[in-house]
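This report refers to the structure that appears directly beneath it.
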Amino acid sequence: CIANEAQDRGWNLYIVGGGVRDLLLTEDDKPLLLQDIDLVVDGFHRAADDRSGVTLANTIREKYPQSRLSIHGEFQTAALLWHKDPILDNLWLDIATARTEFYPYPAANPEVEASSIRQDLYRRDFTINALAVRLTPPRKQEFSRKGDLLDFFGGLIDLKARKIRVLHANSFIEDPTRIYRAVRFAVRLHFTIEPQTEEYIKYAIDSGVYERLRLSDRQAPALTTRLRAELKYILQAEYWKPALKLLADLGALRCLHQDLQLTPQLWWEIRCISRWLYYLDPENQLQHWLIRLEILICSLPTSEREIVAVNLQLPKDSIQRVRQLDQIATEIIPQLPKKQLPSEIYQLLNSYKYVGLILLGVRSSPEIRKILWQYLTKLSQVKPILNGNDLKELGYKPSPLYKQMLNDLLAATLDSKITNQ
Ligand code: CTP
């Protein structure tokens with residue numbers, strides 16, 4: 001239907017990027033459910049102007065009123081989302097106009113059309129992401145099953161050889177977040193980064209390209225938003241461990257801070273915090289990826305932590321945690337070994353935030369770690385056997401004494417609970 005609409009206007013329509021890659025990586029007899037599809041419109045008989053993608057999206061929206069349309073960005077990309085639709089549930093369709101330096105002019109011949117989509121593909125990150133399938137006719141016979149494949153840069157060979165390869169030497173200089181994307185695709189797809197591409201990554205890092213990711217740079221807010229998105233992708237994926245190792249091996253953690261290194265101690269801490277989180281928060285309500293990032297940041301000198309967290313535009317409570325960690329440690333660590341009773345430990349730790357104590361726990365000595373673990377897993381969950389309503393029902397009149405009574409009850413519950421176990 002979309003292809004017909006494009007064809008009626010004399011435009012070509014292509015599916016591009018990750019969708020094509022995943023389609024080609026899926027074995028013929030296995031179904032593939034694409035949820036996020038990137039389409040590019042390109043002029044053929046008639047030039048596509050820079051709003052063709054938006055025009056097409058508007059037409060589709062009229063035909064599918066249940067979809068939601070948003071238009072964004074300098075390049076006028078349109079996105080259509082089908083939400084809670086019985087058939088197209090959660091389908092996300094991005095429609096863009098082919099971006100080229102020189103747009104096809106009226107009556108452009110197919111040569112110009114080809115170079116137009118070619119240029120759009122050439123500006124992309126890796127050969128395996130620079131493939132396109134034409135959805136509008138004419139279609140070549142040989143690709144009748146998967147449509148008409150456009151492969152200008154050897155993407156298919158790289159897909160078969162399982163290689164991540166950039167299209168040009170400046171790719172990482174132009175967009176440093178691609179360093180993180182290279183790692184993400186390599187680990188996720190079980191590909192290797194091709195040696196020349198690895199050299200380009202190292203060159204980009206050595207030349208200080210990550211300096212552009214600092215907020216003081218004019219382009220930085222957009223870049224850091226993308227870097228944070230890539231970090232989130234990596235740190236929340238099940239493959240986060242090999243991905244983090246690979247980032248460290250490539251020296252790419254320097255993009256976050258020039259002194260950030262995955263030392264054996266930090267590697268231990270990040271695995272330890274992940275185990276703790278897995279146990280303490282199996283529903284992942286605490287955003288484990290963010291806490292993993294915080295533990296990386298906390299390995300830096302105190303004065304640098306907040307700068308990095310702010311630079312990455314982390315949420316306020318995250319910034320506060322990395323800023324306050326040392327102060328919390330000074331307040332808690334000398335006191336904790338002196339506390340004998342569970343109720344005393346509870347009283348000391350109760351006013352601190354749960355996640356802050358998790359961060360402190362994995363960075364502390366075994367003795368302190370053990371007490372914090374006991375608090376996080378047991379003591380913090382204990383409730384007094386009676387509450388205010390129970391006291392009322394027992395005939396006690398509400399008064400300021402309630403608070404004291406409930407506190408005493410909680411302390412008694414805590415202490416008996418622990419000695420009973
Ligand atoms: N792209 C790029 N450079 C970037 C980000 C994206 O060239 N820094 C291009 C790639 O062609 C990519 C496409 O935009 O395939 C879509 O980007 P995105 O949705 O982020 O990635 P996908 O390849 O679709 O991968 P995923 O399956 O992880 O979403």
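For ligands, and for the atoms within them, numbers begin at 1 and follow the listed sequence. Hydrogens, waters and symmetry mates play no part in the numbers below; they use all other heavy atoms, side chains included.
Inter-residue side-chain proximity for Tyr14 and Asp148 is flagged as unmet; no heavy-atom pair is nearer than 4.5 Å.
Not a single N or O atom of Asp36, backbone or side chain, sits closer than 3.5 Å to an N or O atom of ligand 1. Of the N or O atoms in Arg21, one or more lie within a sub-3.5 Å distance of an N or O in ligand 1. Close N/O approach between Gly17 and ligand 1 is not found [any backbone or side-chain N/O within under 3.5 Å].
Checked against the 6.0 Å centroid threshold, Trp276 and Trp373 count as a close aromatic pair.
In Asp38, the part holding a heavy atom less than 4.0 Å from any atom of ligand 1 is the side chain.
Each of the atoms 2 (C), 3 (N), 4 (C), 7 (O), 8 (N) of ligand 1 lies under 4.0 Å from some heavy atom of Arg178. Listed by number with element, the atoms of ligand 1 under 4.0 angstrom from any heavy atom of Arg188 are 26 (P), 27 (O), 28 (O).
Under the 4.0 Å criterion applied to side-chain N and carboxylate O atoms, Glu198 and Lys202 are assigned as salt-bridge partners. A salt bridge between Asp175 and Arg181 is absent, with no side-chain N of the basic residue lying under 4.0 Å from a carboxylate O of the acidic one. Salt bridge present: Arg254 and Asp206 bring a charged side-chain N and a carboxylate O closer than 4.0 Å. Between Lys163 and Glu194, no side-chain nitrogen of the basic residue sits less than 4.0 Å from a carboxylate oxygen of the acidic one, so the salt-bridge criterion is not met.
A donor atom on one side chain and an acceptor atom on the other are found under 3.5 Å apart for Thr224 and Gln313.
In this structure, the protein non-hydrogen atom closest to atom 29 (O) of ligand 1 is Tyr233 OH, 3.5 Å. Of the protein's heavy atoms, Asp175 OD2, 2.8 Å lies nearest to atom 8 (N) of ligand 1. With hydrogens left out, the protein atom closest to atom 7 (O) of ligand 1 is Asp125 N, 2.7 Å, a heavy atom.
Phe126 does not count as a contact of ligand 1, since none of its heavy atoms falls under 4.0 Å from the ligand.
When the options Arg181, Arg184, Arg124, Gln35 are ranked by their closest heavy atom to atom 18 (P) of ligand 1, first place goes to Arg181.
Rounded to the nearest 0.5 Å, atoms CG (Leu135) and CD1 (Ile37) are 9.0 Å apart.
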